[in-house]
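Numbers for residues simply follow the sequence, beginning at 1. Bear in mind the structure is a predicted one, so any value in this text is a computation, not a measurement.
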Amino acid sequence: MTTPHPEEIQQVTQMFKMLGDPTRLKILLSLQEGERNVTSIAEEVHMEQSAVSHQLKLLKDNRIIKSERQGKTILYSLDDKHVVDILQKTFEHIHHR
C-alpha cells in the first residue's frame with residue numbers, strides 16, 4: 001500500500017467517524033439486507049423517525065448510503081459493496097482471537 005495523501009487520510013478518518021457511532025452502525029447493519037424506508041429503519045433500531053432521519057442525512061452526506069425516491073417514499077440503501085466489506089472485515093477482526 002502506498003502512503004496516502006493527507007486528504008485521503010482525512011476521508012478515511014471521517015468514514016470511521018461515521019461508522020464509529022452505535023446508532024449509525026445499527027442503521028447500516030439494517031441496510032445490509034437491502035433498501036428500506038425511514039419508518040422501517042426506525043422500527044428496527046428502536047428510535048424515533050426524526051432521529052433516524054438525522055443519522056441518514058449524515059450517512060448520505062458522507063457517501064456511505066444513498067437514497068432513491070419511489071413515489072412519495074424515499075428508500076435508503078448502502079452506497080456500494082465496499083460498505084458491506086468494511087463492516088464484515090471489522091466484525092471478522094473483532095471475532096479473531
Side-chain angles (χ1 to χ4, degrees):
M1 182 161 130
T2 61
T3 304
H5 296 282
E7 58 273 3
E8 292 172 319
I9 290 173
Q10 180 60 36
Q11 290 172 337
V12 169
T13 302
Q14 184 64 24
M15 174 168 240
F16 280 114
K17 181 179 176 183
M18 289 293 108
L19 299 177
D21 178 84
T23 298
R24 289 190 289 266
L25 183 56
K26 289 177 190 175
I27 291 169
L28 293 172
L29 292 171
S30 78
L31 291 174
Q32 282 189 113
E33 301 187 17
E35 293 181 322
R36 303 183 76 170
N37 65 27
V38 68
T39 303
S40 172
I41 296 167
E43 287 173 1
E44 183 161 334
V45 299
H46 307 290
M47 291 179 60
E48 295 292 323
Q49 221 173 319
S50 60
V52 170
S53 291
H54 174 72
Q55 298 301 330
L56 289 169
K57 180 179 179 348
L58 290 173
L59 290 166
K60 185 176 175 188
D61 289 349
N62 284 276
R63 296 180 36 213
I64 297 171
I65 65 168
K66 59 186 175 183
S67 65
E68 179 183 336
R69 180 176 290 279
Q70 289 186 355
K72 293 182 179 182
T73 303
I74 297 176
L75 296 176
Y76 296 90
S77 62
L78 299 175
D79 189 61
D80 60 39
K81 180 185 176 306
H82 297 111
V83 176
V84 174
D85 293 343
I86 292 166
L87 294 175
Q88 286 176 340
K89 290 293 183 191
T90 304
F91 279 104
E92 286 174 19
H93 175 72
I94 64 167
H95 290 113
H96 178 78
R97 298 275 169 190

Would you mind writing out the side-chain donor-acceptor pairs for residues 6-21 within the sub-3.5 Å range, not counting sequence neighbours?
residue, atom, partner, partner atom, Å
Glu8, OE1, His5, N, 2.8
Thr13, OG1, Ile9, O, 2.8
Gln14, NE2, Asn62, OD1, 3.3
Asp21, OD2, Thr23, N, 3.0
Asp21, OD2, Arg24, N, 3.0

Rounded to the nearest 0.5 Å, how far apart are [atom1] of [X] and [atom2] of [Y]?
X	Y	atom1	atom2	value
Met47	Lys26	CE	NZ	8.0 Å
Ile65	Leu78	CD1	CG	8.0 Å
Ser53	Ile74	OG	CD1	8.5 Å
Phe91	Leu29	CZ	CG	5.0 Å

(request) Can you sort out the partners of Lys57 under side-chain hydrogen bond (donor to acceptor under 3.5 Å, both in side chains), two or more places apart, ordered by chain and number? (result)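 side-chain hydrogen bond (donor to acceptor under 3.5 Å, both in side chains) check on Lys57 returns Asp61.
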(message) List the residues meeting side-chain hydrogen bond (donor to acceptor under 3.5 Å, both in side chains) with Thr90, not counting sequence neighbours, and say none if there are none.
(response)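 For Thr90, no residue satisfies side-chain hydrogen bond (donor to acceptor under 3.5 Å, both in side chains) once neighbours in sequence are set aside.
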(message) Is there a continuous path of hydrophobic side-chain contacts, each under 4.5 Å between heavy atoms, that joins Ile41 to Leu75?
(response)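 Different clusters.
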(request) Check the hydrophobic clustering (I, L, V, M, F, W, Y; side-chain heavy atoms under 4.5 Å; chains of links allowed) and say if Leu56 and Val45 are grouped together. (result)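 Yes, Leu56 and Val45 fall within the same hydrophobic cluster.
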(message) With side chain to side chain donor-acceptor pair (under 3.5 Å) as the rule and sequence neighbours excluded, what pairs involving residues 29-39 come up?
(response)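 Checked against side chain to side chain donor-acceptor pair (under 3.5 Å) - neighbours excluded - the pairs reaching residues 29-39 are Arg36-Ser40, Arg36-Glu44, Thr39-Gln49.
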(request) Give every residue pair that meets the side chain to side chain donor-acceptor pair (under 3.5 Å) criterion with at least one member in residues 74-84, sequence neighbours excluded. (result)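 Pairs touching residues 74-84 that pass the test: Asp80-His82, Lys81-Asp85.
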(message) Which residues pass the salt bridge (charged side-chain N to carboxylate O under 4.0 Å, His left out) test with Lys72, not counting sequence neighbours?
(response)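 Lys72: no salt bridge (charged side-chain N to carboxylate O under 4.0 Å, His left out) contacts found.
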(message) Donor-acceptor check, side chain of His96 to backbone of Glu92, threshold 3.5 angstrom: yes or no?
(response)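 No, the answer is negative, given that no donor and acceptor are paired below the 3.5 Å cut-off.
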(request) State, to 0.1 Å, how close Val83 and Ile64 come at their nearest heavy-atom pair, and which atoms those are. (result)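 Closest heavy-atom pair between Val83 and Ile64: CG2-O, 3.6 Å.
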(request) Taking all heavy atoms of Ser67 and all of Lys60, pick out the closest pair and write down the distance. (result)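 Of all heavy-atom pairs spanning Ser67 and Lys60, the closest is OG-NZ, 2.7 Å.
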(request) Go through the steps to decide whether Val52 and Ile27 satisfy the test side-chain contact (heavy atoms from CB on, under 4.5 Å), and finish with yes or no. (result) CA-CA 8 Å; Val52 170; Ile27 291 169; 4.2 Å; yes
